[in-house]
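Worth knowing before you read on, the calculation uses all heavy atoms, side chains too, and leaves out hydrogens, waters and symmetry mates. Computed from a predicted model, the values in this text were never measured in an experiment. Numbers restart at 1 for each chain; the letters A, B, ... are given by sequence-line order, proteins then strands.
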Amino acid sequence: MTVTTTLFDPLDAIVWQLLATIPSGRVITYGALAKLAGYPSHARYVGRILKNLPKQTTLPWHRVVNARGELSFAVDSQRYLRQKALLESEGVIFNGHKIALRQYRWHG
DNA sequence: CCGCTGACTGGGA
DNA sequence: TTCCCAGCCAGCG
């Protein structure tokens, strides 16, 4: 039987699982997520994974921000505003375009 | 195989 | 501190 056909990459599944563990009100960077998944130099790939998530996903994709504490979308674009709104609804504070970081990261 | 494009980064200026 | 940029790496002609 042929078969096989991996419907998705193993890394994708790992990232999905890690993403699911990030608490409301907290954020994590693309790079940190990649590192936790075991692929420290794949921040961009993590971005691609998020981009490929189905629209109806329940995963907290909005809790992933870039290393500068900003959202990786064109400022004021539709997607930018949506992510910002979701984060603010969880209590994340913004200072201009940047997240008023207190604690980045999950767990801690 | 080549070149270009990103939901990215670290480090030098 | 902010800006800039080479390096990064999978996907898609």
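Listed pair A/Ser72 / B/dC8 meets the phosphate criterion, a side-chain N or O lying under 4.0 Å from OP1 or OP2. The shortest distance between the side-chain N/O atoms of A/Tyr45 and the OP1/OP2 oxygens of C/dG11 is below 4.0 Å. Checking the phosphate oxygens (OP1, OP2) of C/dC8, no side-chain nitrogen or oxygen of A/His42 falls inside 4.0 Å.
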- Message: Using side chain to side chain contact (heavy atoms under 4.5 Å, CB included), reason through A/Leu19 and A/Leu50 one step at a time and then give a plain yes or no.
- Response: CA-CA 10 Å; A/Leu19 188 54; A/Leu50 298 189; 3.8 Å; yes
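No donor-acceptor pair under 3.5 Å is formed between the side chain of A/Asp12 and the backbone N or O of A/Val15. The backbone N or O of A/Ile28 lies less than 3.5 Å from no partner atom in the side chain of A/Arg63, so there is not a single donor-acceptor pair.
One interatomic measurement links the two molecules: NE2 of A/His97 to C1' of C/dT2, which rounds to 14 Å at whole-angstrom precision. Rounded to whole angstrom, the span from the CG atom of A/Asp9 across to the P atom of C/dG11 amounts to 6 Å. One interatomic measurement links the two molecules: CG of A/Leu33 to C1' of B/dC8, which rounds to 12 Å at whole-angstrom precision. For A/Arg79 and B/dG6, the CZ to C1' distance is 11 Å, given to the nearest whole Å. The separation between A/Asn66 atom CG and B/dG6 atom P is 16 Å, rounded to whole Å. Rounding to whole angstrom units, CZ of residue A/Arg68 and P of B/dT9 are separated by 8 Å. Remark: P of C/dC8 and OH of A/Tyr30 are 21 Å apart, rounded to the nearest angstrom. Distance CD (A/Glu70) to P (B/dA7): 15 Å, rounded to an integer number of Å.
When the nucleotides B/dC8, B/dA7, C/dC9 are ranked by their closest atom to the side chain of A/Arg48, C/dC9 comes out on top. For A/Ser41, the side-chain atoms get nearest to C/dC8 when compared with the rest of C/dC8, C/dA10, B/dC8.
Annotation for A/Val46 and A/Leu33: closest pair CG1-CD2, 3.9 Å, computed over non-hydrogen atoms.
Pairing for C/dC8 is absent, with no Watson-Crick or G-U wobble pair whose two atom distances lie under 3.5 Å.
Between the base of C/dG11 and the side chain of A/Arg44 there is no donor-acceptor pair shorter than 3.5 Å.
Looking at heavy-atom distances under 4.0 Å, A/Lys98 makes contact with sugar-phosphate atoms alone, never a base.
With no hydrogens or angles considered, a side-chain donor-acceptor pair links A/His97 and A/Tyr80 at under 3.5 Å.
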